[in-house]
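Please read the structure below before turning to the comments.
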Amino acid sequence: MNAKRFALASLLSAAVMALFADPVAAQSTSADLIGELNIKLLYIALPITLLVEIILIYAVLRFKDNDEPKPTRENRRLEITWTVATAIILLFVGVASYGVMADPAVTFTGGEDEIAPNEGDVYVQAEAYQWGWTMTYPEEDITAPQGDNGPVITVPEGQDLYIGVTSEDVIHGFHVPELGLKMDAMPSQVQYLQTTPEETGTYQGYCSEYCGLAHSQMYFSIEVVDQAEYDQWLDEQTAEESEDAADMNETANATA
Ligand code: CUA
């Protein structure tokens with residue numbers, strides 16, 4: 001590949017990268033923050049990539065016919081410069097990433113009694129097993145119904161959503177890429193996610209930790225609906241649950 005073509009290819013790939021980094025409408029507060037961080041890091045990575053490519057191309061062109069190359073001499077000033085520059089860049093990346101990961105909109109840092117503290121907040125417990133998910137709403141005492149592709153969690157738009165992630169057996173992973181949600185599901189341990197869904201729609205969830213034969217079939221989804229629709233859904237589910245309970249009581253009474 002000649003140098004011109006190489007330079008063109010580098011520029012083009014940089015442009016494509018910038019294009020893909022264009023923030024899509026944020027579907028949740030978590031996705032929003034993570035998207036912003038991605039852009040920030042890209043703005044740092046892009047000039048560095050270009051600088052390195054340009055120096056590389058220059059070196060290739062300038063010295064390609066050099067039959068007697070001379071070794072590089074020690075250059076303390078240059079060494080100090082690139083060490084300090086790298087340290088500054090890494091520090092920025094670290095601080096920016098920590099700022100997002102420690103943000104309450106991404107990682108829930110509160111205690112057990114701070115889960116869903118406000119009126120309208122929703123708390124869902126996601127329990128993974130080999131191979132599927134049991135999604136429950138402990139406060140409403142309902143279980144999320146099964147859809148075509150695993151259980152469907154229905155939540156209201158614009159309200160705080162808390163998800164307690166745990167596992168019955170091995171380590172699984174709760175992952176909803178579009179909502180910026182990811183948490184390992186650990187046996188005998190509950191870890192919490194917190195976010196606010198900001199756009200109605202259906203979001204596909206996956207198991208993100210290899211857990212055996214049917215790992216790839218551990219689907220679930222999150223359905224974000226408006227508040228009125230959610231209230232209605234909640235009423236229906238509660239009615240169904242009490243019907244089931246009544247049925248069970250009847251059966252129990254009949255056998256007694
Ligand atoms: Cu569960 Cu992979």
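One-based numbering, in listed order, for ligands and for the atoms of each. Being a predicted model, the structure only gives us computed values, none of them experimental.
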Do any protein N, O or S atoms sit under 2.8 Å from atom 1 (Cu) of ligand 1, and which ones are they? H172 ND1, C207 SG, C211 SG, M218 SD
With a 6.0 Å cut-off (strictly less than), is the heavy-atom count around CG of D148, excluding the residue itself, greater than 12? no
Can you confirm whether more than 12 heavy atoms, excluding those of Y219, are under 6.0 Å from its OH atom? no
How long is the straight-line distance from CD1 of I89 back to CD1 of I48, given to the nearest 0.5 Å? 3.5 Å
With a 3.5 Å cut-off and no angle check, do the side chains of E157 and Q227 form a donor-acceptor pair? no
Flag for T143-T136: side-chain donor and acceptor within less than 3.5 Å: no
For the pair R76 and E74, find out whether any cationic side-chain nitrogen is under 4.0 Å from an anionic carboxylate oxygen. yes
